[in-house]
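Here the structure is laid out as structure tokens; the discussion comes afterwards.
Just so we're clear, the structure is a prediction, and the values are computed from it rather than from any experiment. Quick note on labels: first sequence line is chain A, next is B, and so on, each numbered from 1.
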2 protein chains.
Amino acid sequence: MNRYPNQTRILVATDCIIFGFDGEELKLLLIKRHFEPEIGKWSLMGGFLKEEEDLEAGAKRILNDLTGLSNIYVEQLGAFGKVDRDPAERTLSVAFFALINIHDHDQEAVRAHNAHWISLKNKPALIFDHDDMVSLALEHLRYNAALHPIGFELLPEAFTIPQLQKLYEAIYDMQLDRRNFSRKILSTGLLIDTGSKNMSAPTKKAIMYCLDKEKYQRKFYAFWNFMPGQGK
Amino acid sequence: MNRYPNQTRILVATDCIIFGFDGEELKLLLIKRHFEPEIGKWSLMGGFLKEEEDLEAGAKRILNDLTGLSNIYVEQLGAFGKVDRDPAERTLSVAFFALINIHDHDQEAVRAHNAHWISLKNKPALIFDHDDMVSLALEHLRYNAALHPIGFELLPEAFTIPQLQKLYEAIYDMQLDRRNFSRKILSTGLLIDTGSKNMSAPTKKAIMYCLDKEKYQRKFYAFWNFMPGQGK
DNA sequence: GCAAAAGTGTTAAAGCTACACCCATGT
DNA sequence: ACATGGGTGTAGCTTTAACACTTTTGC
């Protein structure tokens with residue numbers, strides 16, 4: 001049965017913008033392509049949507065392929081549909097935004113795909129419209145991390161407040177006041193004191209917290225407004 | 001040249017969630033289908049993406065078709081890609097979110113498409129996953145109207161503050177304090193006093209304002225946070 | 001002059017910013 | 001003991017929420 005004759009069918013792909021944080025800088029997981037087309041160039045990890053596969057399932061398959069992880073924070077960024085975005089053949093790509101704990105992924109798999117963690121500040125030019133996707137993803141990250149507690153997805157289970165602050169400073173590329181940041185974060189009630197301390201620090205050991213997952217769910221949509229005064 | 005053999009090509013469509021405001025209630029422009037498939041049922045306005053057409057151009061074509069308008073506020077909501085969302089054939093749909101001034105559209109064209117303005121509160125069930133699209137669009141509207149000055153897109157060029165307040169009250173389905181609302185809106189500096197007054201009012205005539213378009217552009221991303229205390 | 005809708009003012013509480021001080025740890 | 005980094009407190013300002021009064025208009 002074909003109720004829609006005379007309509008064009010086109011390729012649909014998924015590309016993933018994968019962010020990680022190493023404690024100092026925001027990083028992207030990028031692929032140095034060792035396959036055609038555009039061999040040798042940098043790109044996002046992506047792939048075609050399969051015949052019997054839901055969109056989000058496709059993204060998760062691709063992410064799992066590359067990182068070995070299956071419980072990744074993923075959001076759809078949007079569809080990229082310019083006619084000529086892939087010079088070989090028209091392909092609509094749905095971009096997905098992923099946040100992962102950089103120490104958690106499967107190093108083997110990443111190596112096999114010829115993928116590398118690249119600091120955002122040294123990002124090379126990417127193929128097709130992947131640069132646009134990264135720009136939009138960064139905008140999205142900045143926008144949403146100020147309003148929702150998604151930053152935690154980039155950190156390990158247990159983390160200290162100074163670590164969290166460094167993350168925010170990396171996301172927004174700005175300095176934050178230690179005392180105000182700490183007060184603001186703690187006042188959300190989202191953090192639970194694990195009782196242990198960060199033993200790897202050379203000076204005073206910071207308290208390690210973990211996320212109150214139940215509250216995290218409940219409060220996700222209660223706006224914060226985390227960054228100090230962005231003007232009126 | 002076909003560099004991607006063995007991949008499935010699928011249909012790509014665009015569906016538009018079109019909001020309007022009649023001064024009292026939020027409305028949706030919906031179609032009572034007088035064509036197959038699903039004839040007689042309610043749906044969003046949509047259509048297939050053409051061979052040489054960019055995604056956003058497709059959405060604008062469809063919107064123009066239905067309303068006769070070409071300067072509509074449009075944003076991409078996202079792609080809907082469940083395998084079985086269209087029972088006839090797999091179709092990926094990219095949903096677009098549109099805000100229009102309800103008094104502005106081409107009534108002829110709307111009638112020709114068998115389209116109707118339906119109050120959100122009386123929304124009938126829609127075909128396929130269109131109900132999900134509407135839910136997401138409403139969420140998006142609520143989310144964004146609190147942070148960005150997009151509400152103005154639903155009003156005529158010149159409007160009064162009480163009209164704007166009614167719009168916000170309709171969007172959030174809650175009552176707002178007249179005095180605080182007015183102060184908050186005016187403090188953004190986005191409104192220009194046109195000098196005229198709303199002559200159709202039966203009592204005291206309210207001042208008509210228009211939007212400062214230049215400031216609107218500049219301030220779009222400066223977060224407001226319009227709704228009063230959503231809790232911590 | 002009265003009802004209905006619009007404009008403006010005030011005050012107390014809450015939140016934010018910018019600061020300074022003290023504590024724990026390794027050398 | 002000192003340098004480094006982490007935790008906590010406070011004062012002044014701004015913003016917010018809650019509330020009351022006055023003005024304009026049609027009848």
Side-chain angles (χ1 to χ4, degrees), chain A residues 23-24 146-147 149 155-156 158-170 172 174-210 219 222-232, chain B residues 23-24 146-147 149 155-156 158-170 172 174-210 219 222-232:
Chain A
E24 292 295 331
L147 298 169
L155 295 176
F159 51 85
T160 69
I161 290 186
Q163 274 167 14
L164 187 62
Q165 183 178 340
K166 280 210 166 157
L167 169 60
Y168 273 86
E169 290 179 336
Y172 295 96
M174 72 192 289
Q175 297 296 108
L176 297 173
D177 184 276
R178 202 161 43 85
R179 301 154 276 200
N180 294 337
F181 183 82
S182 163
R183 192 151 2 90
K184 218 163 177 179
I185 287 283
L186 288 173
S187 77
T188 64
L190 251 50
L191 265 46
I192 300 173
D193 187 335
T194 63
S196 52
K197 305 216 164 182
N198 178 19
M199 286 312 170
S200 62
T203 62
K204 182 169 181 179
K205 278 100 172 75
I207 300 169
M208 311 245 340
Y209 293 90
C210 66
K219 291 201 168 184
F223 305 149
W224 296 7
N225 207 358
F226 236 89
M227 294 293 98
Q230 309 269 356
K232 195 34 55 52
Chain B
E24 292 295 331
L147 298 169
L155 295 176
F159 52 85
T160 69
I161 290 186
Q163 273 167 16
L164 187 61
Q165 184 178 340
K166 281 210 164 157
L167 169 59
Y168 273 86
E169 290 180 334
Y172 296 96
M174 71 192 292
Q175 297 297 108
L176 297 173
D177 184 276
R178 204 159 42 86
R179 300 154 278 198
N180 294 336
F181 183 82
S182 162
R183 190 151 0 91
K184 218 164 177 177
I185 287 283
L186 287 173
S187 77
T188 64
L190 251 49
L191 264 47
I192 301 174
D193 186 336
T194 63
S196 53
K197 305 216 164 180
N198 178 21
M199 285 313 169
S200 63
T203 62
K204 181 167 180 178
K205 279 101 172 71
I207 299 168
M208 311 248 335
Y209 292 91
C210 65
K219 290 201 169 182
F223 304 150
W224 298 5
N225 206 359
F226 235 88
M227 294 294 99
Q230 308 270 355
K232 194 32 54 49

State which residues pass ring pair (Phe, Tyr, Trp, His ring centres under 6.0 Å) with B:Phe159; sequence neighbours excluded, sorted by chain then number. B:Phe152

Using whole Å, report how far CZ of B:Phe181 lies from P of D:dT16. 14 Å

Spacing of A:Lys197 atom NZ relative to C:dA24 atom C1', expressed in whole Å: 8 Å

Assign a letter to each nucleotide of nucleotides 2-12 of chain C from its 5' end: B, base within under 4.0 Å of a protein heavy atom; S, sugar-phosphate only; -, no contact. --BBBBBBB--

Does atom NZ of A:Lys205 have more than 12 heavy-atom neighbours from other groups under 6.0 Å away? yes

Side chain proximity check, A:Leu176 to A:Tyr168, heavy atoms < 4.5 angstrom: yes

With a 4.5 Å cut-off on side-chain heavy atoms, are B:Ile161 and B:Ile207 touching? no

Just the rounded figure in Å: distance from P of D:dG6 to CG of A:Leu164. 13 Å

Please identify each residue that fulfils salt bridge (charged side-chain N to carboxylate O under 4.0 Å, His left out) with A:Arg179, with sequence neighbours left out. A:Asp177

Rounded to whole Å, CE of A:Met199 lies from P of C:dA24 at a distance of 13 Å

Does the side chain of A:Ser200 come under 3.5 Å of the side chain of A:Asn198 through a donor N or O and an acceptor N or O? yes

Measure from CD on A:Gln175 to C1' on C:dT17 and round the result to the nearest Å. 16 Å

